[in-house]
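Scroll down for the structure; my scribbles are underneath it.
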Amino acid sequence: MPLKVQDPSTTETTKRFERQDSLFGDAEKVSNIKDHGSKANWTQVLHLSFQSIGIIYGDVGTSPLYVYSSTFPNGIKNNDDLLGVLSLILYTLILIPMIKYVFIVLYADDNGDGGTFALYSLISRYSKIRLLPNQQVEDSMVSNYSMESPSSPLKRAQWLKEKLESSKAAKIGLFTITILGTSMVMGDGTLTPAISVLSAVSGIREKVPSLTGTQIVWISVPILFMLFSVQRFGTDKVGYSFAPIISVWFVLIAGIGVYNIMVYEIGILRAFNPMHILDYFRRNGKEAWVSLGGTEGMYADLGHFNITAIQISFTGVLFPSVALCYMGQAAYLRQFPENVADTFFRSIPAPLFWPTFIIAIFSAIIASQAMLSGSFAILSKALSLGCFPRVRVIHTSKHHEGQVYIPEVNFLMGLASVIITITFRTTTEIGNAYGICVVTVFSITTHLMTIVMLLVWKKNIIFIFLFYIVFSSIEWIYLSSILSKFIQGGYLPFCFALLLMALMVTWHYVHVMKYWYELDHIVTIDEVTALLKKHNVGRIPGVGLLYSELVQGIPPVFPRLVQKIPSVHSVFLFMSIKHLPIPHVAPAERFLFRQVGAREHRMFRCVARYGYSDTVEDSGEFAMFLTERLKMFIEDESVFGTDKPENEDKDSLTGVSRGQMRPGQSARSVVHSEEVIEPQMSNNVGRNSTYSLHTIEEEKQLIDAEMARGVVYLMGSANVIAGPKSSVVKKVVVNYVYAFLRRNLAEGHKVLSIPNDQLLKVGITYEI
């Protein structure tokens, strides 16, 4: 009688079958390898601390260029309001970037990777929330989810896990806010160059007042063009180039701040008393609430570098420099409130104006580069998890993981930034749009972090409650203020986000539906044997790799191939590339193999496993590595022996026997059935060898010989269409939107760097 089993991380029983398809479960099993860049010696920490100054702090560091002018667009009515706004700025800077991000959120990094998708993947490893149906109980082995004795936090985590896994609405909701956060980060990366460069260039009016707004815009455009052009050199090189510049910038603004405090009003230090915030709101009421929309510009996405490196550079460099600059500007404005529209450049001592102006322009470029780096990193994670159309991702550093460049996205973001600069012309409306992007991302991060604390960290409920209440309240107050300026530019990020979300949802929806189609039309071993006999299939020299996303069995494109070309290569592999919801998979654990049919057929199934931050090797390196691992598998199988080929009497889905499937029942219905059966993993260690050492060597030599004759990569070119009974919306999404994206974006073989002369495409139509 079947036995029920429990996921070690939950009391909810998991839907299983009489015998797993070994690759289906094993594809999730990787060892607990920690050496993924999450730890570093102090030399590397200081090295990254210096580099992070040039990469992730430009956005925060250049905010003094425009914060006061955005906060007081109609001028300063009461000088004491400066104390209230400065106090608000200082405590927001302490609470959000420092306490929330630097000392809490960064610890939720996914082995060194940050961003909304890293949080989503972290949650998905502890709870099966992903919409793609390729997760199993073995996921818990990846997530370091250890067995714990019953406790209140563990029971709470188990309860939340059950709720998330059983609720389709929760899964869709989490996916939606994740891609919304990603869309807003992309919007931020587009708007930051426009507002930063425009603010910096506008300073020249102090010395050349005859310049018009249009001329300022056309001076800014070439700078933006240069900014997006240098991205191809990579975060590593750009960071080292920019780090000295932004370091000089921080020294300058700190020095100018101290000068202004000493010269104009040292009493501005009273702003550290938070009572001035309450006084500001009492005096100004609704106007004070609306003015909050100008102070959000000090934030940036900080989730990409070594944690210690960020903490050192933030607390030791950024915070004191920016805080002194804000205090110095407030002291200056107490004496000259009429200059609030251009506070930064007006408050600079005359001898330092031109050096500061030049450094300000470079710093504005750095601020933009900071957001572009984060945008590329987050989008590459979305791409590997099947949530974004295929584009080429270039890893720009051999020394530091996760530093990437995406040419197509860089071009589109650069074009959008230039258009926004030319269209809006001033920083006021761009600032309103920018603020909505930033605060929306912060709010989403707070909600995802709360789930991480409940499900992964299992923190004390009081700590979680305080975290959520404090930070969500602050962010909702800011967001409500910025939304009041929706018509004055605030609509821009929503339009941008809706467009990008529609693209991501369309791609992911069809991606999941296509996977389900292949799952429902999977080919069994018996069917393969009958197919080979029926078509009198011959064997031709070389190695054939048939690519499919399925890890469960043989894809439906194989019968199509045999029908059109009744021949199979001497060594044939059904190849699946699977991205796990972890950043990295060790190369030694990259490949998993299983034999298909009799040994003499030399047909295998293989899963190549990658983390979402791993780079897929080029075709030559991939083939060499694959060959070596295949020979090791043959040797291991020969030593341990097997009774019969994999799934000889089972359906290829997950080893489900034909008797277990009811007549007319599809794989989908079996996957969703409520029957829970203990998986029986094959373990043949200790059996007598059926192969001699001589035979093993012959097999390995044959593999080498066939590899030398050449490798042919076979890929299904699936034309996905909506079924005849589909709704009008589904037909439009699948037949037109998805088809357009598929035609105009990079094809699979280009992403995998497969040479055209080694590629064979097999056309097939999927009706979903």
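Since this is a predicted model, take the numbers as computed values, not measurements. Just so it is clear, the values below take in all heavy atoms, side chains as well, and ignore hydrogens, waters and symmetry mates.
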>> A side-chain contact here means heavy atoms from C-beta on lying under 4.5 Å apart; do Y547 and L545 qualify?
In response: yes
> Could you go step by step and tell me if Q595 and H601 meet the side-chain contact (heavy atoms from CB on, under 4.5 Å) rule?
Replying inline: CA-CA 9 Å; Q595 185 134 6; H601 289 168; over 6 Å; no
>> Can you list everything that forms a salt bridge (Lys or Arg N to Asp or Glu O under 4.0 Å) with R590? Sequence neighbours excluded, please.
In response: D614, E617
> Does any non-hydrogen side-chain atom of I764 lie less than 4.5 Å from one of N719?
Replying inline: no
> Which heavy-atom pair separates P555 from V523 by the least distance, and what is that distance?
Replying inline: O-CG2, 3.6 Å
> What closest approach, in Å, do M413 and S375 show between heavy atoms, and which atom pair accounts for it?
Replying inline: CE-OG, 3.9 Å
>> Could you work out, with salt bridge (Lys or Arg N to Asp or Glu O under 4.0 Å) as the rule, every residue matching K514, not counting sequence neighbours?
In response: none
> Does the side chain of V571 come within less than 4.5 Å of M707's, by heavy atoms?
Replying inline: no
> Do M624 and T627 have side chains that get closer than 4.5 Å, going by heavy atoms?
Replying inline: no
> Stepwise, does the side-chain contact (heavy atoms from CB on, under 4.5 Å) test hold for S548 with E518?
Replying inline: CA-CA 9 Å; S548 168; E518 292 186 335; 3.8 Å; yes
> What residues, two or more places apart in sequence or in another chain, satisfy side-chain contact (heavy atoms from CB on, under 4.5 Å) together with E628?
Replying inline: K631
>> Going by ring pair (Phe, Tyr, Trp, His ring centres under 6.0 Å), H508 matches just one of Y738, F388, F175, Y515. Which one?
In response: F175
> For V720 and V510, which heavy atoms make the closest approach, and how far apart are they?
Replying inline: CG1-CG1, 3.8 Å
>> Please enumerate all residues that pass salt bridge (Lys or Arg N to Asp or Glu O under 4.0 Å) together with K171, with sequence neighbours excluded.
In response: none
>> Is there a side-chain contact between L741 and L503 in this structure, where contact means two heavy atoms from C-beta onward sitting under 4.5 Å apart?
In response: yes
> Any side-chain heavy-atom pair from I522 and I554 closer than 4.5 angstrom?
Replying inline: no
> Got a sec, which residues hit side chain to side chain donor-acceptor pair (under 3.5 Å) with S183, two or more places apart in sequence or on another chain?
Replying inline: none
> Looking at residues at least two apart in the chain, or sitting in another chain, which of them share a ring-ring contact (aromatic ring centres under 6.0 Å, His included) with F604?
Replying inline: none
>> Suppose we screen for side-chain contact (heavy atoms from CB on, under 4.5 Å). Which residues come up paired with S229, at least two apart in sequence or across chains?
In response: F225
>> Listing request: all salt bridge (Lys or Arg N to Asp or Glu O under 4.0 Å) pairs with a residue in residues 707-716, at least two apart in sequence or in separate chains.
In response: E706-R709
> For Y766, which residues count as a ring-ring contact (aromatic ring centres under 6.0 Å, His included) partner, sequence neighbours excluded?
Replying inline: Y517
> With no hydrogens and no angle check, is any side-chain donor or acceptor of S570 less than 3.5 Å from a backbone partner on I540?
Replying inline: yes
> Looking at side-chain heavy atoms only, is the closest gap between R605 and L573 below 4.5 Å?
Replying inline: no
>> To the nearest 0.5 Å, what is the distance between CG on L626 and CZ on R629?
In response: 10.5 Å
> How long is the span from the CG atom in L119 to the CG atom in L174, to the nearest 0.5 Å?
Replying inline: 11.0 Å
> Taking the side chain as C-beta and beyond, is there a heavy-atom pair between Y120 and L122 under 4.5 Å?
Replying inline: no
> How long is the span from the CG atom in L379 to the OG1 atom in T182, to the nearest 0.5 Å?
Replying inline: 7.5 Å
>> Evaluate V409 against F376 for side-chain contact (heavy atoms from CB on, under 4.5 Å), listing each step before the verdict.
In response: CA-CA 8 Å; V409 174; F376 294 150; 4.1 Å; yes
> Atom CZ in F228, atom CG in L415: separation rounded to 0.5 Å?
Replying inline: 9.5 Å
>> Please give me the minimum heavy-atom distance between L531 and V537, naming the atom from each residue.
In response: O-CG2, 4.3 Å
> Can V734 and Y509 be said to form a side-chain contact (heavy atoms from CB on, under 4.5 Å), step by step?
Replying inline: CA-CA 9 Å; V734 176; Y509 169 75; 4.3 Å; yes
>> Working to the nearest 0.5 angstrom, can you tell me the gap between L546 CG and M575 CE?
In response: 11.0 Å
>> Would K700 and E635 count as a salt bridge (charged side-chain N to carboxylate O under 4.0 Å, His left out) here? Give the steps.
In response: CA-CA 8 Å; K700 291 165 67 175; E635 186 171 350; 3.1 Å; yes
>> What's the separation between atom NZ in K578 and atom CZ in R609, rounded to the nearest 0.5 Å?
In response: 9.0 Å
> salt bridge (Lys or Arg N to Asp or Glu O under 4.0 Å) with R560: which residues, sequence neighbours excluded?
Replying inline: none
> With sequence neighbours left out, what residues match V712 under side-chain contact (heavy atoms from CB on, under 4.5 Å)?
Replying inline: H569, L714, L760
> For F572, which residues count as a ring-ring contact (aromatic ring centres under 6.0 Å, His included) partner, sequence neighbours excluded?
Replying inline: F558, F574
